[in-house]
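To start, the structure under review is shown below, and the notes come after it.
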Amino acid sequence: MTTSSVQPPSHAANPAIRDYLHEGTSIRSWLLTRDHKRISLMFLVATSLSLLLGGIFALLVRVELLTPERTIMDAVTYNRLFTLHGIVMVFMFMIPAIPTVFGNFLLPIMIGAKDVAFPRLNLASFYVYALGAAITLTAMIAGGADMGWTFYTPYSTTSPSAVAPVGLGVFVLGLSSIMTGLNFIVTTHTLRARNLTWHKLPLFVWSIYATSIIQVLATPVLGMSLLLVAVDHAWGLGIFDPRLGGDPLLFQHLFWFYSHPAVYIMVLPAMAVISEVVCTFAHRAPASYRAIAYSSLGIAFVGFLTWGHHMFVSGMSLLDTGIFGVLSMFVAIFSAIKVVTWVATLRRGSIRLTTPLIYFFAFLFLFVFGGMTGVAVATSSLDLHWHDTYFVVAHFHFIMVGGTLTAYLAALHYWFPKMFGRMYSERWGTVASITVFTGFFFTFMPQFLLGNAGMPRRYYSYPPEYQWLNVLSTAGASVLAAGMLLTVGYLAVALFRGERAGANPWDSRSYEWLTTSPPPQHNFEEQPSMDRGPYDFHLPRLV
Amino acid sequence: MNELLRRLLFLPPQGTSLAREVDYLHYSVVLSTMAGSAVVAATAMWFAVRYRRRSPTTAGESEVAEAAPRLSYGFELAAILGLLALFVGWWVVGFRQFVKLETPPLDALTIQVVAKQWMWTFAYPSGAASNAVLYVPASRAVKLVLTSRDVIHSFYVPAFRIKQDAVPGQSTSIWFEAEQPGTYPVYCAEYCGTDHSTMRAQVVVLPSEDFARRLERLPPLDIPAADGFGSGPLVRSRSDGTSLARLGEGVAARHGCLRCHTLDGTPHVGPTWARLYQSDVALEDGTSVRADESYLTESMMDPRVKVRRGFAAVMPTYQGVLDAAEVGALVELIRSLRDFREAPSTTPLAPAGAPSVIPLPRSPLPQLRSPGDSSP
Amino acid sequence: MRRSEPQAVLQEQFGSLEQQQHAARFGMWLFLTSEVLLFGALFALYTAYRLEYAEAFRSAARHNAVWLGTANTLVLITSSLFAAWAAHAVKSGRAIMAELCLLGTLALGGLFLFLKLTEYADHFRHGIYPGAYFRSPELGERGAGTFFTLYYFMTGLHGLHVVGGMSALAIMLLQISRGRYGPGRSTAVELSVLYWHLVDVIWIFLWPLFYLLT
Amino acid sequence: MSDPPRASSYLWAWLTLVLLTGISFGASRLHLGRWAALVALAIACVKGGVVLTVFMHLYRAPFVLRFVAILNIAWVALLCAGVAADVAAR
Ligand code: HEA
Ligand code: HEA
Ligand code: CUA
Ligand SMILES: [Cu+2]
């Protein structure tokens, strides 16, 4: 392997080159851009707004649950709120967030490409997302919809609320998801720089690639099932209606055929981020590159074989309960492989504690806890007690908030210098990350206990003996929200006042740090050599 | 130890012996979860301290770690295989418990449970019924046969660690055997609309003498006279009093079931109901099936799905015609004929006794906006 | 007036035209994959309900005019042949031939839709509507309604795909006649034809499910 | 992807398809009972295979495209089998 002499260009070296943020500043140059980095920023704005919205709905839910009976709203409003919260968080924030923001920004750079394979499709994906979000929100806020994010029939097809337009809105959001996934798969296959073999790809790329496969293979099935629900709701075609010979359980099968793989759409990108963060701050190659890379594919494929574990008490056959139960145990192993490898990577590293790494520790604890409780609910006899209780709510928030949201925050801090060319305040970062973790812990740990004690989910009112745990949870949620607001605050300040970041402030070896911060329009002023691996920390840095 | 852990984990009291068994697995899984995540996080943090970067200057090349991977694959493999063994072990134990929890003993007391928005109704073999309170005898296996009149609900007794969805148009079942007299809360665990959270009930476990006495004081199940024929007894009763089975006879007559089925073993157009329950019946396609509640319900709703060998597939569906409570009464009638012995005076039953003007029912148009009301 | 030879434009993110073309094909195949899975959900429902209502499905299928279905199968297969020829002709620079073949494909696509609509009309006359509106004196039975709901869904969705494919091919026809596509620039034509073939494949499976298994 | 297929190969594929359509139709008139579904679907698979390989050029496509096609078929089969298994075993 040769030691390349390519120097990462800097502004100082060539002031004529403008970065992507300043390549045209008109509104038009943003709204009609085909630059994946600008599209990424537009997605960042849109998904952050969704997160804010979903968070507000979550806080309203928490406030209502402060007292056993009515606190601030009636039951119908409550039911609409948790539906809004679930749908906004899942379909408008978590599924698109990391792929469309960080995947979009980094994937082409990490493979040494000028852009994604289909830039116009990329832009279209953004507008389709916006359209889907607009339809969904309009329908839910104007008409109201109260079927929960799971759309279970026959409640969803008979509920006197705007189920059909919401289903349509989510269908459109799904189209956007497919477009992005398709684009990334083709990009990864066709646009890798010369010399950049699969095994020299940053681990981030592997994980996003695995996510994209799920997006293309699973999302159409969700689309079809929601379309059927929408049509059924609008015209009473009754394909799942027992009065017309339909079988409601078939809807559940179709829904989970998508939605279990979808939970891996939500966590694989988080794992992508974590793999990069660990290696950079441990200053060392991953303990086993292949273990992390291949287990992403393992999750993507085996994840399709476990959907029935959501239906243990639905009246599904015993045969399916057994099969889906054991397959769930197998899919968990791939996550365990990753966890063990990350921890082993820290060993004998040269570790620098920064905000992203603090988020990594939070992720590690919360993801393992959440994942292990996933294994717990996959144990069929235990799920008889836990199904549809707050234990399940805690399980998935541990992974989706404790895991993915945490990783999203790690990513935001880790790539902030690359995306905006400035550093955030490490001190505020530490304060905020600890606040977020503490808030999280007190929000959701009590929910495990509530579930154990038997409190069902989607309960507007509850027996008074559950109250103090609920109050604790609401208190935790307030701390969590404060931490998030703090984050928004100091990041906004950093955007304008932050210290200028160099091309490679973290001393990483991965390819995105070979270009300037922020990168120029076509990512590299001249095509860098990618002879080296992305984790060659034993070689001197290229500056 | 059991009691300590149970309280620490906020679990409700263990109302059945199976609940205790499930809780042991629960402890093992939850404690491993806590220990596992703590160990993983602690190890990572210890590494972060132990291997922290000593010099504040970044990227001192001398300090850079050596080349490529140094993970001991032996260790990783052992850890992963160990975890897999643990997980599969939990699956084995859990699935065996699951099968136990789903398979009621044959002599269990059977109670029909009908869910609707937003109330539970329980119908006992005696014909009595209660709303929102389920009375059961202590130390006796009780089997619940569930169905729903509108949307999916879920019957959940935290103290028994059991839960089962009630699905419209289908019949599901669950069972338990309460150890001690007492009162245990019941929740609806499947989201079913506005008042989902108040669709609660209680299981009242009584000593068996008290149970019998309590039942006597309950009113009979109120079956709506769905099609205007009234619910007067049209057939000579085969059991005494106003039992649920007897109500079932009324239903059978009213809906014309008895024009094809007999209650005493006499061959007719359709299979006789005598000695049918829990027998193995041969089907048209060469397979055979146990005539349990779900088969019986299915045969009313989708008669063409499992056709008895030797009978023509002529029965129409009763989906939307029979109310969920009526289905329960019919099933109870068939159950009561399980050990039917030839009675001395067997009168030919149908069609003489039944009104012959009932048209063959067909699926009526669904009432799309009012799921609460499924009877035409 | 001589047409200038149309030439594909290399977009900046690609290294070569071949790479660009491969990417386009790959993208199209992934798109087709998601289309197939969209239908896949309906095929899964069909399988499940057929297991549940075997007899009802058989007798309901007897109500579909098998000659119509078979004729439509032949029509689509033949249209696929023309489409394949059209793509071939564009690549070898025979624009007129390509235009004629595409016209043939479009005509056959139209015929397919016509026959399909005839069949729908016939069903409507017999009270065979989807779902709750199903009202057939002969097929009073449970399961038959489900069969026809699926029938309308699957053939209807397929019909929409036929319309979509025809629109794409019509645009191709227009562009070829304007001299916008030729041997040096034929990817769009090739991909539209690919889409048309997929529509054909799906029908190849719908035909036995709704017409033959009686 | 250099040599374009000969136009005549399309004609052969078309003839095969027509022939298979005929066979499938004929078989359906024989009332094969429980084999009918299997035969009809098997023939449909062969026909689909012909369209995929000849018309859609899979026989000389790069490996990834073939892989995508196979994966696609496998996934539809998985979906149908998984859903149907529950109905059959309930
Ligand atoms: C990102 C989202 C996400 C992820 C990744 C997961 C991951 C998993 N989930 Fe979760 N799940 C959800 C989101 C997610 N889930 C949601 C949203 C719901 C509710 C849906 C609804 O009904 O609304 C749900 C519900 C849900 C249920 C249904 C519960 C019920 O309704 O009754 C089940 C049942 O099996 C389950 C199982 C699993 C399993 C086995 C995993 C596995 O993949 C977990 C694998 C990870 C690990 C196993 C940890 C790895 C580390 C180690 C093991 C090493 C350390 C251990 C030791 C040293 C001991 N999940
Ligand atoms: C991705 C998924 C996701 C996320 C992140 C969250 C986040 C949170 N959720 Fe949510 N939740 C779901 C997915 C999610 N949830 C789903 C799927 C359901 C099931 C719905 C159903 O039953 O149908 C559910 C249900 C659910 C319930 C159960 C309701 C019930 O069953 O009755 C509760 C109750 O406490 C709850 C609480 C919370 C809280 C307190 C947070 C907090 O973590 C929120 C904290 C966030 C904020 C306060 C926002 C702050 C943001 C900003 C200030 C802007 C940020 C911008 C930048 C950083 C740039 N959620
Ligand atoms: Cu009934 Cu929830
Ligand atoms: Cu799952």
Side-chain angles (χ1 to χ4, degrees), chain A residues 75-76 148 152 154-155 158 160 236 242-243 248 283-285 287-288 313-315 322 325-326 329 332-333 336-337 339-340 343-344 346-352 361 364-365 368-369 372-373 375-376 379-382 384-385 387-388 449 452-454 456 458-461 507 537-538 540-541, chain B residues 9-12 22 26 29 33 36-37 40-41 43-45 47-48 51-53 58-59 61 63-69 71 76 79-80 83-84 87-88 90-91 94-95 97-98 101 151 158 161-165 167-170 172 187 189-192 194 197 319-320 366 368-369 371:
Chain A
V76 175
Y152 271 21
Y155 184 71
T158 50
R243 284 168 299 181
H283 207 72
R284 155 184 197 317
S288 167
V313 309
S314 67
V326 73
M329 300 301 174
I333 284 307
I337 291 176
V339 168
V340 173
V343 174
L346 290 177
R347 194 162 157 264
R348 294 209 252 145
S350 167
I351 297 169
R352 234 165 340 144
F361 290 125
L364 203 61
F365 177 66
V368 173
F369 204 109
M372 289 293 291
T373 54
V375 172
T379 309
S380 42
S381 66
L382 299 179
L384 281 182
H385 180 54
H387 175 71
D388 271 351
L449 301 175
N452 262 2
R458 299 169 171 175
Y459 257 32
Y460 162 73
S461 70
D507 190 17
F537 287 97
H538 57 291
R541 68 187 297 184
Chain B
L9 295 174
F10 284 61
L11 284 165
V22 170
H26 185 131
V29 172
T33 298
S37 44
V40 168
T43 313
M45 276 147 104
F47 285 161
Y51 300 109
R52 68 186 176 279
R53 179 165 297 188
T58 44
E61 267 145 42
E63 198 204 2
V64 162
E66 327 80 88
L71 175 68
E76 170 143 11
I80 295 302
L83 274 176
L84 185 60
F87 293 171
V88 173
W90 287 341
W91 171 73
F95 188 53
Q97 289 179 350
F98 187 86
L101 286 158
V151 301
R161 314 285 189 271
I162 57 165
K163 184 179 286 127
Q164 177 64 54
D165 283 4
V167 185
Q170 291 174 23
T172 51
Y187 301 124
E190 180 60 58
Y191 176 65
C192 54
T194 310
S197 66
Q319 176 76 37
L368 290 163
R369 301 291 153 178

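Note on naming: letters A, B, ... go to the chains in the order of the sequence lines (proteins, then strands), and numbering restarts at 1 for each one.
Put simply, the side chain of Ile337(A) reaches to within 4.5 Å of the side chain of Glu76(B), judged on heavy atoms. In this structure, the side chains of His385(A) and Leu11(B) come closer than 4.5 Å at one or more pairs of heavy atoms.
Residue Gln170(B) touches chain A through its side chain alone, counting heavy-atom pairs closer than 4.5 Å. Proximity to chain B (any heavy atom under 4.5 Å) is restricted, for Val375(A), to the side chain, taken from C-beta onward. Contacts between Val167(B) and chain A at a heavy-atom distance below 4.5 Å involve the side chain alone, from C-beta outward. Residue Val326(A) touches chain B through both its backbone and its side chain, counting heavy-atom pairs closer than 4.5 Å. Looking at Leu101(B), the atoms closer than 4.5 Å to chain A (heavy atoms on both sides) all sit in the side chain, from C-beta outward.
Here the closest heavy-atom approach between residue Pro456(A) and residue Ala189(B) is recorded as CB-CA, 4.3 Å. Scanning both residues, Ala44(B) and Leu364(A), for their nearest heavy atoms gives CB-CD2, 3.5 Å. When all heavy atoms of Gln97(B) and Ser381(A) are compared, the pair lying nearest together is OE1-OG, 2.7 Å. The minimum heavy-atom distance between Leu83(B) and Ala336(A), with the atom names listed, is CD1-CB, 3.6 Å.
Side-chain atoms of Lys163(B) come within 3.5 Å of backbone N or O of His387(A) as a donor-acceptor pair. Here the side chain of Ser197(B) pairs no donor or acceptor atom with the backbone of Tyr459(A) at under 3.5 angstrom. Although no hydrogens or angles enter the test, the distance criterion places a donor-acceptor pair under 3.5 Å between the side chain of Trp91(B) and the main chain of Gly322(A). Between the side chain of Asn452(A) and the main chain of Leu9(B), a donor-acceptor pair closer than 3.5 Å is present.
If you tally non-hydrogen atom pairs under 4.5 Å between each of Leu84(B), Thr172(B), Val29(B) and chain A, the highest count goes to Leu84(B). When each of Ile333(A), Val368(A), Ile351(A) is checked for heavy-atom pairs under 4.5 Å with chain B, Ile351(A) comes out on top. Contact count against chain B (heavy-atom pairs under 4.5 Å) is highest for Phe361(A) among Tyr152(A), Phe361(A), Tyr460(A).
Between the OG atom in Ser314(A) and the CD atom in Gln164(B) there is a gap of 7.5 Å [rounded to 0.5 Å].
In this structure Tyr191(B) satisfies the ring pair (Phe, Tyr, Trp, His ring centres under 6.0 Å) test together with Phe82(A), Tyr155(A), His196(B), sequence neighbours excluded. Evaluation of the side chain to side chain contact (heavy atoms under 4.5 Å, CB included) rule for Ala41(B) yields Phe365(A) as partners, not counting sequence neighbours.
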Trace of the side chain to side chain contact (heavy atoms under 4.5 Å, CB included) decision for Thr379(A) with His26(B): CA-CA 9 Å; Thr379(A) 309; His26(B) 185 131; over 6 Å; no
Given Leu346(A) and Tyr51(B), is the side chain to side chain contact (heavy atoms under 4.5 Å, CB included) satisfied, shown in steps? CA-CA 8 Å; Leu346(A) 290 177; Tyr51(B) 300 109; over 6 Å; no
